[in-house]
Amino acid sequence: MSSFADPIVDGARRARPVRPRRAPVSRLGLILMAPALLLLTLFFFLPVALTGVFAFTDLSTSTGIGRGDYVVTPTLLRQLGDKGLSDTDAEAVARSSVTVDAAGLARARAAGVDDRFLDEIERRFMGRDYEAPAGFVRDLRGLRTAPRRPRDLKSAAALFETSVLNQRFATSQALAAQLEAMAPEIAPAVRARIVEASFTGARFTTENFRTLATQKETARLVGNTFLYVGATLSLFNVGLGLFLAVVLFYMPKGASSLFSTLWLLPRITPVVLYAVMWKWFTWEGGFLPILADQVGLPSFNYMKGSVVTAWATMITLNGFIGASFGLILFSGALRAIPLQQLWASEVDGASRWQQVRRIILPQMRWPILFVTAYQTLSLLSSYEQIWLTTNGGPGRTTSVWALEAFKTALSNYTGNLEYGMGAAMALVLVVVGLALSLIYLRLFKFSELVGRPKIEI
Amino acid sequence: MRLNLENFTKCFDGTPVIEGLNLTVEDGEMLALLGPSGCGKSTTLLSVCGIYRADGGRILFGGRDVSALPSQRRNVGVVFQNYALYPHLTVEENIAFPLTVQKPRPSAAEIARQVREIAELIHIDALLGRRPAQLSGGQQQRVALARALVRKPDVLLLDEPLANLDAKLRLEMRSEIRRIQLETGITAILVTHDQVEAMSMCDRVAIMDKGEILQIDSPTQMYRSPANRFVAGFLGNPPITFLEGRTGPEGRFSMEAGLTLPLPSHLRGMPSGRPIALGLRPEHFGHGGQGQATGRVTFVEPQGREMLFDVQAAPGVTLRSIQPTRDDVSIGDEVTWKVDADRMLAFDAEGRRL
Ligand SMILES: Nc1ncnc2c1ncn2[C@@H]1O[C@H](COP(=O)(O)OP(=O)(O)O)[C@@H](O)[C@H]1O
Ligand SMILES: [Mg+2]
């Protein structure tokens, strides 16, 4: 028993512990590996890390990635109003006042207002404050040099208005000070909230995840993703792949290699071409609808015309790509079964079906699990075929998580790309993928599979 | 059950590997198909069990032509060289497999009973719960044997069953397989390239070369009286020594290198000048007889109980002798030993026995 004892404990007991010598890591080796490590960091760890960071921000097209300013916009006031800002406070913030001072005059001069008019304003009203712009306009109208047209008069007067609205402040203190000056009646806590909300740059927040957890859309997306991955995987990647592999296994050699090459076509066709082919195949005037029309079946755009056909199209076109992967892997695994085992089962009396059911399939456990694991991960994160075909339609009925993440972050109609939200969705995928990988590794019973057989002769 | 091959022919890609082979295995007999690698033994075996289809001739089980039957319906038990156990099934499930694919399927209790019965016969009842990967080579082979026998097949076929075992296990399994064959009384064919296996395990041996059966006989008879030079050379360890020469006057045989020996007595009347080959087995040199040969000992191989000597009797002519271990002869000694001329085997130029 002692010979099996923990080597460290065992070593400590001895007078001179015998330690296995570590091979020294040569410096040259490190140098040679450096480019690979660098690339690994650059192309693998960095994107994942950045995704992790972006996921906790509200980065979007409107925030940009530079430093933000503090701006109170009418839109912001409306949004704050939705979140409980009182109307009186909102009006106070939006309030504008008029002050005749050097800055106002300079603004007006720069805007091209008549110099004589400005001189007169300076002489008559310098240093005066008006609560409301209307009083100022009335005073201006009385001036000799005032412009004739009311529009010009008004726009000139507007140049002396000061308001917090739409003004950019570099710091939160500057905005807070201005707010306090203009609307002192607003409570400090409310003011702080307004200042906080007025920041236009990106902020760290867990809001993305809260939104994902609470919005109704999430449940639909999750359900769709499950359906998409589950159906594609079981029907095609594993089901069809296994079926084809077994059929080809029993076929004469020449025919079987021809067929396996045929099944590779969807995989080696460029994805755009493949998507176009499917459009020809399923759109109105395409192959299938015409065929259906001939035999009197409903004929319409199968790819986008109804939820059921959209799903069928999407699963089938993705499945045909994945089936070849399973086919190749399963074929290899089948050929690895010793021929004599199959002979033995035949002389033992097993029919072809019994041979497949009882001898071949049980030995495909490992490749089936492998294909399932590998393809779950790649199906979870792939969206380009869907994007190029149904694009999640009709409506968003066939949209899946990865596609939605891609659209949120990188491609949508409104033009406001929500990088932070997209990253959060991507991060969810990464975490789910990692968790699944761990589960799969447990399922494989990896150690048992690679363990050496206990043969004593 | 008696087994016949009549004019059996098998081709691969149009070239015949076996042509017009005839073979009969009597009911309850164990016959060895012995021959060098590549001579067509496995091909014959796989055709008997139906994995290969015969390209000509008939295969009869107890007089019934099975040539057209698929292997599932021939009721043969086969032990393959690498045992071909099903790795995902336990020993018990492996043995039960032939029963569970039967239609109608026997009851679970019946299957369990038969598995236990055969496992006891083959001494593997303690291993039933294990998987093939957890068994030693000898144990795997026993399982393969049990699986082949559980269905009570008409014929048992064994393809090089001992080739993958180490020397000690091979010895043990040799007698085990024979014991099981005798106890079940099953008709069996053992394919092997090992003459010791063939001779020690079987009632009769069929020697095969290049797809042809050269001789079928009991092991002793075949050793004593081989039909031709190939058989004589194939059987015997250490092997027979062939001496090429011509018949001389007065019933003698002489070689160009200078060695002369008396001809076996039944050939003494042969006219002189005929080219013949004499086969001298090591046990017939140095043990008495009318002839004698003198030469220098060039090699001594102690084997424990016996010793092997190489004696150079003439330039390029080495005779081999096997004798009980002795200490008085060593390399370089000159010896004169008797040759048992009457027990030498003589062959004509075509290799036929004279
Ligand atoms: N499946 C096959 N296809 C083509 N040739 C074969 C095949 N099986 C065996 N042969 C050839 O037939 C001959 C006999 O082979 P085999 O019966 O396996 O010999 P062995 O006596 O060693 O068992 C060999 O020359 C071998 O090359
Ligand atoms: Mg063979």
Side-chain donor/acceptor of Tyr86(B) to backbone N/O of Ser345(A), under 3.5 Å: yes

Toward chain A, the part of Lys168(B) with a non-hydrogen atom under 4.5 Å: neither

Choice from Pro362(A), Pro338(A), Ala350(A) maximising heavy atom contacts with chain B below 4.5 Å: Ala350(A)

Heavy-atom neighbours of Arg357(A) CZ exceed 12 at 6.0 Å: no

Heavy-atom pair count under 4.5 Å with chain A, highest-scoring of Ala144(B), Gly50(B), Pro87(B), Gly77(B): Pro87(B)

Aromatic plane relationship, Trp343(A) with Phe80(B) - under 30° parallel, 30 to 60° tilted, over 60° perpendicular: tilted

Chain A contacts, top residue of Arg147(B), Arg131(B), Arg74(B), Gln81(B) (heavy-atom pairs, under 4.5 Å): Arg147(B)

Chi angles and distances behind the side-chain contact (heavy atoms from CB on, under 4.5 Å) call for Arg358(A), Thr100(B): CA-CA 10 Å; Arg358(A) 309 265 315 266; Thr100(B) 58; 2.9 Å; yes

Within 6.0 angstrom of Arg179(B) CZ, more than 12 heavy atoms from elsewhere: yes

Phe249(A), CZ atom: more than 12 neighbouring heavy atoms under 6.0 Å: yes

Gap between atom CG of Asp348(A) and atom CD1 of Ile95(B) - 0.5 Å precision: 11.0 Å

Beyond-backbone contact of Gln72(B) with Gln354(A), side-chain heavy atoms, under 4.5 angstrom: no

N/O donor-acceptor pair under 3.5 Å between His88(B) side chain and Arg365(A) backbone: no

Straight-line distance of Glu346(A) CD to Arg73(B) CZ, nearest 0.5 Å: 14.0 Å

Reported CG-to-CD distance for the pair Leu85(B) and Gln341(A), which is rounded to 0.5 angstrom: 8.0 Å

Asn82(B) versus chain A, the contacting section by heavy-atom distance below 4.5 Å: both

Residues, nucleotides or ligands: over 12 heavy atoms within 6.0 Å of Phe12(B) CZ: yes

